[in-house]
Amino acid sequence: MATKLPLTDAVVVGLGWAGAIIANELVDAGLKVVGIERGPWRDTAKDFNIASVTDELRYAQRQELMLRTAQNTITMRNTPSQTALPMRKWGSFHPGNGTGGAGNHWAGITFRFQPEEFRLRSHLEERYGADAIPDELSLQDWGTDWDEMEPFYDAFEKVAGTSGRAGQLKSGQQPGGNPFEGARSSDYPTPPLKQPYSPTLFADTAREMGYSPFPVPSSLVSEAYTNPLGVTMGPCTFCGFCTNYGCANYSKASAITTVLPALIRKENFEARTHCEVLEVTTDSDGRRATGIIYVDSAGRRWEQPAEIVVVAAFTFENVRLMLTSNIGQAYDPATRQGTTGRNYAYQTANNVQLFFDDKNFNPFIGAGAVGMGIDDFNNDNFDHAGLGFFGGGSTRVTPIGAAPINARPTPPGTPRWGSNWKRATVDNYKSTMSIGCEASNYSSPNNYLSLDPTYRDRLGRPLLRITFDFTQNDLRMAQYVTDKTAEIARRMNPRQIVANPRTGPWDGRPYQSSHVVGGFVMGADPSNSSVNKHLQVWGVPNLFVVGASAFPQNPGYNPTGTVGALAFKAAYGIVNRYLRNPGEMMS
Amino acid sequence: MKKRDEPAASGGLTRRELLGSSAALLVGAAAPGAAQALTFQGTPEWKPLANVAVEPVDESAGWQFFTEEEAATVEAIVERLIPADDLSISGKEAGCAIFIDRQLAGAYGGFERLYMHGPFQDGTPEQGDQSPLTPGQRYRIGLAALDDHCRREHDARFAELEADRRDQILSQLEQEQIQLDDIDSQLFFELVLTNTMEGFFADPLYGGNRDMVSWKMLGFPGARYDYRDYIERHNEDLEFTPVSIGGRSDWQAQG
Ligand SMILES: Cc1cc2nc3c(=O)[nH]c(=O)nc-3n(C[C@H](O)[C@H](O)[C@H](O)COP(=O)(O)OP(=O)(O)OC[C@H]3O[C@@H](n4cnc5c(N)ncnc54)[C@H](O)[C@@H]3O)c2cc1C
Ligand code: SF4
């Protein structure tokens, strides 16, 4: 039995990027907000220190900042006919835990999705014909558009201090930025980062070939920056212990470096850590969320009633909580009915390695999001007529550092131990670079999330089950964009090129990206979406589910710029519409 | 965190009732299982560095997990996976066996942080490691099975064999040409290889990269944190001397 606590105005589940942003906006609107976080309270000063954060064994190998699978994991299979088995050690993705969420150990690449993305199905049908989209794909529109999204992207970048160079301002195209981006109301808050050698070499070659290289937009700030909440960050020092690590410099934007230091000081906010939410409670007819139930670290259960419930617990837990709380109808791939769990998608990660004899890249100088990219082969920036696929990827060189337990590139065929292994490891360590192509992943009826029938977490609750494989569309796309990337690589004239297009089946072992999206998607139609464009759950108007779970499919971009924008958008809807007139905001 | 004895913000309950025990006031206990539910409000307080320290491995402390016999076998393995040559000392000399021993004696050895609930069943390769065996068990069973195999085939323990013979057996394990008793030979070999490389390339703090030998070999500068003055010096040998979390031996020598 759960002990009932006094009513609060709003409860927010999860204090990563999305939850912290919404909680802060609601507190500023005068609401009393309780934030509930399953992991610890994290602070730069207490958790990340220059003297000890450079520890590859602890953070990359033993995954110190990630959710422990002993607490919660997922099960996986490639097709509905297989038996899903648990991911016992994180491989393909690295979910976060504690305040800041995955934002503590993310890389920081901060793209905005392009205007066409928000009406992808309509856009492709208009450009390629009403029958052009194959049955294999369940692409759909987002129910919102660029004009509605742009101010919230702007708000997120200003909180994060995002560094970069505008390519398209509302006033016109700018030199040196990304020509394919949607028109921006303002430039990036901080200028682009300095560039190491490998991105510079890539950008020079890409420019010679007629492409349009630009500095990868990055929420690692390039100079001291004070955000609109009054929180100050310091410049990134390219330490190279970034992706999978916390930042000791207050340079990498995360909820703990940009939002929570201000929010926790506000009187109407309270954070409860090491408290895991188990369920969203609803009234007897399921039309209203009444609060949440959580368990604390001593195993006691508490009921926190609230007028408004916001779930911002990352894609996996957003969907699992909706399934265990019976919110919406679970998706069934056989009938294609139901929306909870529908349109789960991932990212199609490709890369090309370049082995040189005559170059020294000093690969240990790096950061999660320093680099140069091109978007000439991304999304619908090139003509897909006759290609047999849709989508594309963001092609870029972003050296993240080269801590050597993991960063030891050698050409295929090199022995894995012994003297010859050692020689090849030394010979290639400084002179190898790679070009990545982070490509789209388009949703498909057989890719979905559901509750596992067998495997349970430590509390006896079903694990979330992923059924996923790459579609033929995405495999063809992967080959195409990797070929294009390899052309650039060849022009750079290395001794050897190794192209690694993503091939199926989806493999849970090697890290690919933590960009897991969908499962509780937004849209204009309750028959194929779970939330409306205000992230408000259809039929349960005081419940908001926020995060990449709302993406109906995934473009060739990293998600968090859009996650942040959606968090601001949801908060805006609650404050400016819902509070004035509580109820369904779409009717 | 404002320490407050008045009722929690949500009224009714006192802070202590909500949290259960006064131990909850200790912020940031890092050990698994020691985590406590905490309520935060107001200006955060912290013990600086509360979560940053890792205890350096005491290399002279004797084997913590391995028996003498097991340790000899592991040393005989890591000495071949990373042989001594003109590039570096061997994995044995660098301390890789000590590294593995200490890892197995800690949380990693029991996979304490991992999901280890059944049913355990074999899946597709893409579904990853589904063995119910912890790393500690994998070594215990695997090392014994390897010695059994060597006694049967070569009349000696693994550690007593010539280097060439050991290389041959390790290759056969890698390529699954030897089946060990009671454990999948590849499961065993891959774990040993992974742990050996972890030890050799990790911070010396953990016992397996003596005097930063692997970092010197590669030209990896280690625990440095500021390259702003170097990032635009392209294609240049920057000639950094590495530094570890614990500093550098020549610093200590100067007292
Ligand atoms: C290694 C890595 C690199 C990445 N790089 C990039 C990048 O370069 N660019 C990019 O755009 N994105 C990147 N990402 C993705 C990015 O981290 C996420 O998109 C972002 O953190 C999502 O924010 P969120 O608030 O939705 O979720 P999270 O940051 O995960 O926050 C969710 C919070 O909810 C808490 N929670 C979950 N369940 C419960 C529960 N039941 N009860 C209470 N609390 C709960 C979690 O502990 C967590 O703190 C990366 C991710 C990783 C792991
Ligand atoms: S690379 Fe920059 S942002 Fe990343 S952890 Fe290092 S200093 Fe922080």
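All of these numbers come straight from a predicted model, not from anything done at the bench. Naming convention: chains lettered A, B, ... in sequence-line order (proteins, then strands); numbering from 1 in each chain.
When A/Ala84, A/Ala248, A/Gly98 are compared by the number of non-hydrogen pairs under 4.5 Å with chain B, A/Ala248 comes out ahead. Of all the listed residues (A/Lys266, A/Lys194, A/Gln82), the one sharing the greatest number of non-hydrogen pairs under 4.5 Å with chain B is A/Lys194. No other option in A/Ala51, A/Cys275, A/Pro510, A/Pro261 has as many heavy-atom pairs under 4.5 Å with chain B as A/Ala51. Among B/Gly91, B/Ala202, B/Ser244, B/Pro125, the residue making the largest number of heavy-atom pairs under 4.5 Å with chain A is B/Pro125. Each of B/Gly128, B/Gly219, B/Gly123, B/Gly222 has some count of heavy-atom pairs under 4.5 Å with chain A, and the biggest count is that of B/Gly219. Interface remark: of the candidates B/Asp229, B/Asp203, B/Leu87, B/Leu87 forms the most heavy-atom pairs closer than 4.5 Å to chain A. In terms of heavy-atom pairs under 4.5 angstrom with chain A, the leader among B/Glu232, B/Glu126, B/Arg228, B/Glu236 is B/Glu126. No other option in A/Val370, A/Asn249, A/Thr8, A/Leu193 has as many heavy-atom pairs under 4.5 Å with chain B as A/Asn249. The candidate with the highest count of non-hydrogen atom pairs below 4.5 Å against chain A, out of B/Arg224, B/Arg233, B/Met116, B/Glu190, is B/Glu190. For chain A, the option among B/Asp167, B/Thr196, B/Leu205 with the highest count of heavy-atom pairs below 4.5 Å is B/Asp167.
A 4.5 Å side-chain heavy-atom check between A/Tyr455 and B/Pro119 finds at least one atom pair inside the cut-off. Under the 4.5 Å side-chain criterion, counting only non-hydrogen atoms from C-beta, B/Gln130 is in contact with A/Pro86. No side-chain heavy atom of B/Arg113 sits less than 4.5 Å from a side-chain heavy atom of A/Thr69. Side-chain contact between B/Leu218 and A/Val426 is present, with at least one heavy-atom pair separated by less than 4.5 Å. Residues B/Phe189 and A/Trp417 are in side-chain contact: their nearest non-hydrogen atoms beyond the backbone lie under 4.5 Å apart. In this structure, the side chains of B/Phe201 and A/Gln61 stay at 4.5 Å or more apart for every pair of heavy atoms.
Contact of B/Phe120 with chain A is made through backbone and side chain together, with heavy-atom distances under 4.5 Å. Both the backbone and the side chain of B/Tyr225 have a heavy atom closer than 4.5 Å to some heavy atom of chain A. B/Ile231 touches chain A through backbone and side chain together, each having a heavy atom under 4.5 Å away. Heavy atoms of A/Thr273 lying under 4.5 Å from chain B belong to its backbone as well as its side chain. Residue contact with chain B, scored on non-hydrogen atoms closer than 4.5 Å, involves the side chain of A/Trp421 exclusively. Of the two parts of A/Ala367, neither the backbone nor the side chain holds a non-hydrogen atom closer than 4.5 Å to a non-hydrogen atom of chain B. Looking at A/Asn406, neither its backbone nor its side chain comes within 4.5 Å of chain B, counting heavy atoms on both sides. For chain B, no part of A/Arg42 is nearby; none of its heavy atoms comes within less than 4.5 Å. Only the side chain of A/Thr200 comes within contact range of chain B, with heavy atoms under 4.5 Å apart. When heavy atoms are compared at a cutoff of 4.5 Å, B/Ser90 does not approach chain A at all. Using a 4.5 Å cut-off between heavy atoms, A/Ala407 makes no contact with chain B at all. For A/Phe269, the part lying under 4.5 angstrom from a heavy atom of chain B is the backbone only. With a 4.5 Å cut-off on non-hydrogen atoms, B/Tyr230 touches chain A through its backbone and its side chain both. For chain B, the nearby part of A/Lys430 is the side chain; its heavy atoms alone come within less than 4.5 Å. Using a 4.5 Å cut-off between heavy atoms, A/Leu260 makes no contact with chain B at all.
Here B/Tyr206 contributes atom OH and A/Glu56 contributes atom CD; the two are 11.0 Å apart, rounded to the nearest 0.5 Å. Between the CG atom in A/Asn362 and the CG atom in B/Asp237 there is a gap of 7.0 Å [rounded to 0.5 Å]. Between the CE atom in A/Met87 and the CG atom in B/Leu114 there is a gap of 12.5 Å [rounded to 0.5 Å]. We find the CG-OG1 distance between B/Asp122 and A/Thr83 to be 12.0 Å, quoted to the nearest 0.5 Å. Separating the OG atom in A/Ser419 from the CZ atom in B/Arg80 is a distance of 7.5 Å, to the nearest 0.5 Å. Of the inter-residue distances, the one linking B/Leu38 atom CG with A/Glu37 atom CD reads 12.0 Å to the nearest 0.5 angstrom.
Because its NZ or CZ atom is not both nearer than 6.0 Å to the ring centre of B/Phe40 and within 45° of the ring axis, A/Arg272 does not count as a cation-pi partner of that residue.
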task = Just do the side-chain contact (heavy atoms from CB on, under 4.5 Å) check on B/Asp129 and A/Lys89 with the steps written out, would you?
result = CA-CA 8 Å; B/Asp129 188 345; A/Lys89 173 178 191 260; over 6 Å; no
task = Carefully, step by step, assess A/Leu85 and B/Gln121 under the rule side-chain contact (heavy atoms from CB on, under 4.5 Å).
result = CA-CA 8 Å; A/Leu85 296 180; B/Gln121 47 187 314; 3.4 Å; yes
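There is no side-chain donor-acceptor pair under 3.5 Å between B/Tyr115 and A/Asp457. A donor-acceptor contact under 3.5 angstrom links the side chains of B/Gln103 and A/Arg62, judged on distance only.
Counting only distance, with no hydrogens or angles, the side chain of B/Gln41 and the backbone of A/Glu267 share a donor-acceptor pair below 3.5 Å. A donor-acceptor pair is defined here as one N or O able to donate and one able to accept, closer than 3.5 Å; no such pair exists between the side chain of B/His234 and the backbone of A/Leu201. Under the 3.5 Å distance criterion, the side-chain polar atoms of B/Gln127 are matched with a main-chain donor or acceptor of A/Met76. A/Thr237 contributes no side-chain N or O that, together with a main-chain N or O of B/Tyr227, makes up a donor-acceptor pair within less than 3.5 Å. Without hydrogens or angle criteria, A/Tyr429 side chain to B/Met217 main chain gives no donor-acceptor distance under 3.5 Å. Checking side-chain atoms of A/Ser297 against main-chain N and O of B/Ala37 turns up a donor-acceptor pair under 3.5 Å. Checking side-chain atoms of A/Arg88 against main-chain N and O of B/His117 turns up a donor-acceptor pair under 3.5 Å.
Scanning both residues, B/Ile245 and A/Ser52, for their nearest heavy atoms gives CD1-O, 4.0 Å. Scanning all heavy atoms of the two residues, the minimum distance from A/Ile405 to B/Glu198 falls at CD1-O, 3.8 Å.
With salt bridges taken as basic N to acidic carboxylate O contacts below 4.0 Å, one links B/Asp85 and A/Lys422.
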